[in-house]
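So the structure is just underneath, and the comments pick up after that.
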Amino acid sequence: MDTIFNTKFENDPVSHNEPGVRLKARSYELQESNVRLKLTIVDSVGFGDQINKDDSYRPIVDTLMHNLRLICKKSLKSRDHCTTIMIQGSMPAYTLLSHWASLKSLDLVTMKKLDSKVNIIPIIAKADTIAKNELHKFKSKIMSELVSNGVQIYQFPTDEETVAEINATMSVHLPFAVVGSTEEVKIGNKMAKARQYPWGIVQVENENHCDFVKLREMLIRVNMEDLREQTHARHYELYRRCKLEEMGFKDTDPDSKPFSLQETYEAKRNEFLGELQKKEEEMRQMFVMRVKEKEAELKEAEKELHEKFDLLKRTHQEEKKKLEDKKKEIEDEVNMFQKKKAATQLLQSQAQQAGSQQTKKDKDKKNSSFT
């Protein structure tokens, strides 16, 4: 990436002891003359470093799917336009080419999982470690394995006259065998980006040495807009179509005949409205039933309250009558007592009067006999 864009990007070294795969994204604003480019480089840190590599592809797929969902919701404007799969180019000296020159199963599985979600461009890294006569066999073997495993890599467009010839020529060179270097070495009277070894110099921009120039031409100068278009027209639309089909929207009828999406939408909308009305009616019926049940409960409770009130009222009246009867008895007893008291007082008064008269008579009688 540094060599393609002639820029020194941030690239902190990471160990190969990561517990899992994680994606590290960095965004840059590049400008050359009047052309501005927003570039986001996403590195899959730890990819292929674990003993169990079964789920190594999953963080990459999950991130792509998450981005597609955000794009679908219009929460994300940037898109993933291209993924370069770096195929190992270095070969152990003791390994025969016939046994070595093939893709790792992890690379095949990952590309198969990604090919419907992003444009894939396979690249052979460190191509200067492979002899020229072996490189052609290696490329043929890789392309054969991709085809036999049904991996869909990015196809350079040939339908436009302006790029048809160059793209048709470059397609033959896939996968591109590249060498990268930002160091310049003096070759003759010129300085050129190259890698210098004890046995010689590998020039990055020399097409007889590697395919770096072809990759840069195809990726940056010729097909950048097509990559963007493919992201939208193929991958995003495929994702959107799958999501619509999951929701029941299809552009074919049960007989696999073309069917208007508008008609499908209207039919689905009417079906949804019908289900909504049905649910509303069910909810209304349930509400009415619950209201009736509640009314019955309230009536029953009201009846019980009335019965309790009547019982309390009767009890109160009975208690009141008992008290009134008791009061009358007491009043009668008091009246009787008053009458008896009055009679007693009258008798006492009469007895006193009679006693006083007798005393007077006795006194008068006594006085007359003294005289």
Side-chain angles (χ1 to χ4, degrees), residues 1-9 11 28 30-41 43 81-91 101 118-143 146 153-197 199-230:
M1 298 302 291
D2 290 352
T3 313
I4 288 176
F5 293 98
N6 196 27
T7 304
K8 185 64 176 176
F9 296 112
N11 187 21
Y28 305 92
L30 306 180
Q31 183 169 357
E32 184 176 345
S33 299
N34 295 325
V35 179
R36 298 186 65 183
L37 175 68
K38 182 178 180 180
L39 176 67
T40 300
I41 301 174
D43 188 15
H81 298 297
C82 179
T83 292
T84 55
I85 302 295
M86 311 298 288
I87 301 167
Q88 183 177 356
S90 57
M91 177 178 66
V118 69
N119 300 313
I120 294 178
I121 299 179
I123 296 173
I124 299 174
K126 300 181 180 179
D128 52 344
T129 62
I130 308 175
K132 275 222 175 250
N133 60 336
E134 296 171 342
L135 183 59
H136 180 70
K137 296 178 183 178
F138 189 27
K139 285 187 174 186
S140 298
K141 185 67 179 295
I142 289 173
M143 293 304 293
L146 292 176
I153 64 173
Y154 173 68
Q155 300 294 321
F156 299 137
T158 56
D159 52 349
E160 293 185 16
E161 294 182 1
T162 54
V163 296
E165 184 178 352
I166 185 172
N167 279 338
T169 303
M170 293 301 175
S171 295
V172 179
H173 295 279
L174 285 172
F176 293 128
V178 299
V179 176
S181 176
T182 55
E183 297 180 3
E184 293 191 343
V185 178
K186 188 172 183 180
I187 302 172
N189 297 324
K190 296 189 300 181
M191 299 296 291
K193 290 185 176 64
R195 283 187 175 273
Q196 190 167 15
Y197 298 100
W199 45 263
I201 296 174
V202 178
Q203 299 179 44
V204 172
E205 296 179 319
N206 188 331
E207 293 190 50
N208 292 321
H209 292 185
C210 70
D211 297 329
F212 173 80
V213 174
K214 297 181 180 69
L215 172 64
R216 184 175 61 190
E217 289 290 319
M218 292 298 97
L219 194 62
I220 305 300
R221 297 177 183 172
V222 180
N223 297 311
M224 180 179 285
E225 284 304 316
D226 185 71
L227 284 165
R228 292 162 58 92
E229 180 63 26
Q230 284 291 317

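Residue numbers count from 1 along this sequence. Computed from a predicted model, the values in this text were never measured in an experiment.
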Output, in order, the C-alpha distance, side-chain angles, deciding distance and verdict of side-chain contact (heavy atoms from CB on, under 4.5 Å) for Ile153 and Asn119. CA-CA 7 Å; Ile153 64 173; Asn119 300 313; over 6 Å; no

Just by modelled atom types, is the [Y] backbone N or O under 3.5 Å from a matching donor or acceptor in the [X] side chain?
X      : Y      : answer
Ser181 : Lys193 : no
Asp211 : Phe176 : no
Thr7   : Phe5   : yes
Lys126 : Gly180 : no
His209 : Gln203 : yes

How close do [X] and [Y] get, counting heavy atoms only, and between which atoms?
X      : Y      : value
Pro157 : Val163 : O-CG2, 3.9 Å
Ile130 : Glu134 : CG2-CB, 3.9 Å
Leu174 : Met143 : O-CG, 3.5 Å
Ala127 : Val179 : N-CG2, 4.1 Å
Ile187 : Ala192 : CD1-CB, 4.1 Å

Carefully, step by step, assess Glu217 and Asn223 under the rule side-chain contact (heavy atoms from CB on, under 4.5 Å). CA-CA 8 Å; Glu217 289 290 319; Asn223 297 311; over 6 Å; no

Quick check for you: to the nearest 0.5 Å, what is the distance between [X] atom [atom1] and [Y] atom [atom2]?
X      : Y      : atom1 : atom2 : value
Ile123 : Ile121 : CD1   : CD1   : 6.5 Å
Phe212 : Asn206 : CZ    : CG    : 12.5 Å
Asp159 : Asp226 : CG    : CG    : 7.5 Å
Met1   : Leu39  : CE    : CG    : 5.0 Å
Leu227 : Ile220 : CG    : CD1   : 9.0 Å
Gln155 : Ile120 : CD    : CD1   : 11.5 Å

Excluding sequence neighbours, so at least two apart, what forms side-chain contact (heavy atoms from CB on, under 4.5 Å) with Ala168? Thr158

List the residues meeting side-chain contact (heavy atoms from CB on, under 4.5 Å) with Asp2, not counting sequence neighbours, and say none if there are none. Lys8, Phe9, Thr182

Taking atom NE2 of His173 as the centre, does the number of heavy atoms from other residues, nucleotides or ligands within less than 6.0 Å exceed 12? yes

Taking atom CD of Gln31 as the centre, does the number of heavy atoms from other residues, nucleotides or ligands within less than 6.0 Å exceed 12? yes

Any idea how Tyr154 and Phe156 line up, ring-wise: parallel (<30°), tilted (30 to 60°), or perpendicular (>60°)? perpendicular

Hey, which of Arg216, Lys190, Arg195 is the one that makes salt bridge (Lys or Arg N to Asp or Glu O under 4.0 Å) with Glu205? Arg216

Report the C-alpha separation of Met170 and Val222 in whole Å, then their side-chain angles, then the decisive distance to 0.1 Å, and conclude whether the side-chain contact (heavy atoms from CB on, under 4.5 Å) test is met. CA-CA 11 Å; Met170 293 301 175; Val222 180; over 6 Å; no

One thing to verify: whether Glu207 and Lys214 come together as a salt bridge, which I'm taking to mean a side-chain N less than 4.0 angstrom from a carboxylate O. yes

Can you find a pair of side-chain heavy atoms, one from Leu135 and one from Ile124, that are under 4.5 Å apart? yes

